[in-house]
Amino acid sequence: MIREVSQMCLARPQKLCNFLEWREYKIIYKRYASLYFITCVDKEDNELITLEVIHQFVEVLDRYFGNVCELDLIFNFHKAYYVLDELLIAGEQQETSKKTVLKLITEQDSVCEDGTDKDMQ
């Protein structure tokens with residue numbers, strides 16, 4: 001399934017829209033440099049809202065990592081998932097403020113660092 005959807009998105013020319021119908025779902029994707037962010041939603045869901053959520057996710061990752069790249073996501077996938085968890089709950093947007101999300105992520109990082117420091121003592 002992942003390979004099929006990935007190949008469909010990668011094979012499309014850049015000038016075509018970012019929406020595909022696939023089985024009983026819609027595939028919505030966005031390319032940022034060499035990164036592709038792909039989502040699968042119900043046919044009834046709004047494509048533009050989904051694109052906006054992808055864009056917001058990428059903007060928060062950019063601010064957190066300082067120009068996010070593939071290696072950031074590979075070596076810090078848990079942090080990328082944490083950002084996504086702060087933005088979405090059960091597939092619905094929970095937080096729209098990028099500043100709030102970044103603040104929460106920073107607080108989580110400091111909690112993790114404090115826990116690591118205590119473990120080393």
Side-chain angles (χ1 to χ4, degrees):
M1 175 175 81
I2 293 173
R3 180 178 292 150
E4 180 184 350
V5 170
S6 298
Q7 288 174 349
M8 286 172 36
C9 293
L10 292 172
R12 287 177 64 87
Q14 287 185 358
K15 294 194 180 207
L16 293 180
C17 73
N18 297 343
F19 316 134
L20 297 166
E21 290 201 11
W22 179 70
R23 300 183 186 172
E24 66 272 4
Y25 302 104
K26 283 190 276 193
I27 303 297
I28 301 165
Y29 69 97
K30 183 77 175 144
R31 179 181 178 198
Y32 291 91
S34 63
L35 298 174
Y36 281 83
F37 294 84
I38 303 171
T39 61
C40 181
V41 298
D42 292 328
K43 284 195 177 192
E44 299 81 31
D45 288 345
N46 187 317
E47 300 94 347
L48 297 177
I49 291 175
T50 305
L51 274 177
E52 184 58 32
V53 169
I54 292 171
H55 185 69
Q56 186 175 19
F57 179 53
V58 172
E59 282 185 337
V60 172
L61 289 175
D62 251 357
R63 287 186 188 173
Y64 182 72
F65 289 112
N67 199 11
V68 69
C69 68
E70 185 177 357
L71 292 177
D72 292 326
L73 298 179
I74 290 171
F75 293 115
N76 298 294
F77 66 90
H78 57 286
K79 291 182 181 182
Y81 279 123
Y82 183 71
V83 170
L84 196 58
D85 283 343
E86 290 299 322
L87 290 172
L88 302 173
I89 288 183
E92 299 295 327
Q93 191 163 17
Q94 156 182 283
E95 183 58 60
T96 57
S97 170
K98 294 174 204 128
K99 287 181 183 178
T100 302
V101 172
L102 287 168
K103 180 181 166 225
L104 292 168
I105 296 166
T106 305
E107 288 173 3
Q108 180 67 23
D109 284 348
S110 65
V111 168
C112 289
E113 288 173 7
D114 290 346
T116 304
D117 292 343
K118 288 178 184 175
D119 290 344
M120 291 185 156
Q121 292 177 354

Kindly indicate whether the side chain of Val53, heavy atoms from C-beta on, has any atom under 4.5 Å from the side chain of Leu87. no
To the nearest 0.5 Å, tell me how far Leu104 CG sits from Glu95 CD. 7.0 Å
Knowing that exactly one of Lys79, His78, Glu86 qualifies, which makes a side-chain hydrogen bond (donor to acceptor under 3.5 Å, both in side chains) with Tyr82? Glu86
Would you say Gln56 and Val101 make side-chain contact, with heavy atoms under 4.5 Å? no
Can you give me the closest heavy-atom contact between Asp72 and Val68, atom names plus distance? OD2-CA, 3.4 Å
Pairwise distance OG(Ser97) to NZ(Lys103) - rounded to 0.5 angstrom: 9.5 Å
Establish whether Val5 and Tyr25 are linked, either directly or via other cluster members, by ILVMFWY side-chain heavy-atom contacts under 4.5 Å. yes
Check whether any side-chain heavy atom of Tyr32 sits under 4.5 Å from a side-chain heavy atom of His55, and report yes or no. yes
Nearest 0.5 angstrom please: Ile74 CD1 to Cys69 SG, how far? 8.5 Å
Ile105 side chain reached by Val60 side chain, heavy atoms, under 4.5 Å: yes
Counting heavy atoms not belonging to Glu24, are there more than 12 under 6.0 Å from its CD? yes
In a check of salt bridge (Lys or Arg N to Asp or Glu O under 4.0 Å) between Lys26 and each of Glu47, Glu44, Glu21, which one passes? Glu47
Thr96 backbone acceptor or donor facing Thr100 side chain under 3.5 Å: no
Side-chain touch Tyr64/Asp109, heavy atoms, less than 4.5 angstrom: yes
Quick one: closest heavy-atom pair of Asp85 and Ile89, and the distance? O-CG1, 4.4 Å
I'd like to know whether CD of Glu4 has more than 12 heavy-atom contacts from other residues, nucleotides or ligands below 6.0 angstrom. yes
Calculate, to the nearest 0.5 Å, the distance between atoms CG and CZ belonging to Leu61 and Phe37 respectively. 6.0 Å
Does either side chain, that of Gln93 or that of Glu52, offer a donor lying less than 3.5 Å from an acceptor on the other one? no
Ignoring hydrogens and angles, tell me if any N or O in the side chain of Asn18 forms a donor-acceptor pair with the backbone of Ile28 under 3.5 Å. no
Got Ile54 and Thr39 here, is their nearest side-chain heavy-atom distance under 4.5 Å? yes
Can you tell me how far the OH atom of Tyr29 sits from the CE atom of Met8, to the nearest 0.5 Å? 9.0 Å
Heavy-atom closest pair, residues Thr106 and Leu102: OG1-O, 2.8 Å
With hydrophobic residues grouped by side-chain heavy-atom distances under 4.5 Å, do Met1 and Tyr36 end up in a single group? yes
For Ile2, look at atom CD1 and say whether over 12 heavy atoms of other residues, nucleotides or ligands are found less than 6.0 Å away. no
Which atom names give the shortest non-hydrogen contact between Leu20 and Cys9, and what distance separates them? CD1-SG, 4.0 Å
Membership question, hydrophobic clusters at under 4.5 Å side-chain separation (ILVMFWY): are Leu35 and Phe57 in the same one? yes
Would a 4.5 Å heavy-atom cut-off, applied to side chains only, mark Ile27 and Phe19 as touching? no
Okay, side chain of Arg63, backbone of Phe65: is any donor-acceptor separation there less than 3.5 Å? no
Please name all residues satisfying salt bridge (Lys or Arg N to Asp or Glu O under 4.0 Å) with Glu59, sequence neighbours left out, ordered by chain then number. Lys98
Hydrophobic cluster identity match, Leu73 and Tyr81, side-chain contacts under 4.5 Å: no
NZ of Lys99: more than 12 outside heavy atoms within 6.0 angstrom? no
Distance (rounded to the nearest 0.5 Å) between Glu107 CD and Cys112 SG: 12.0 Å
Please determine whether residues Val83 and Val58 belong to a single hydrophobic cluster, defined as Ile, Leu, Val, Met, Phe, Trp and Tyr linked transitively by side-chain heavy-atom distances below 4.5 Å. yes
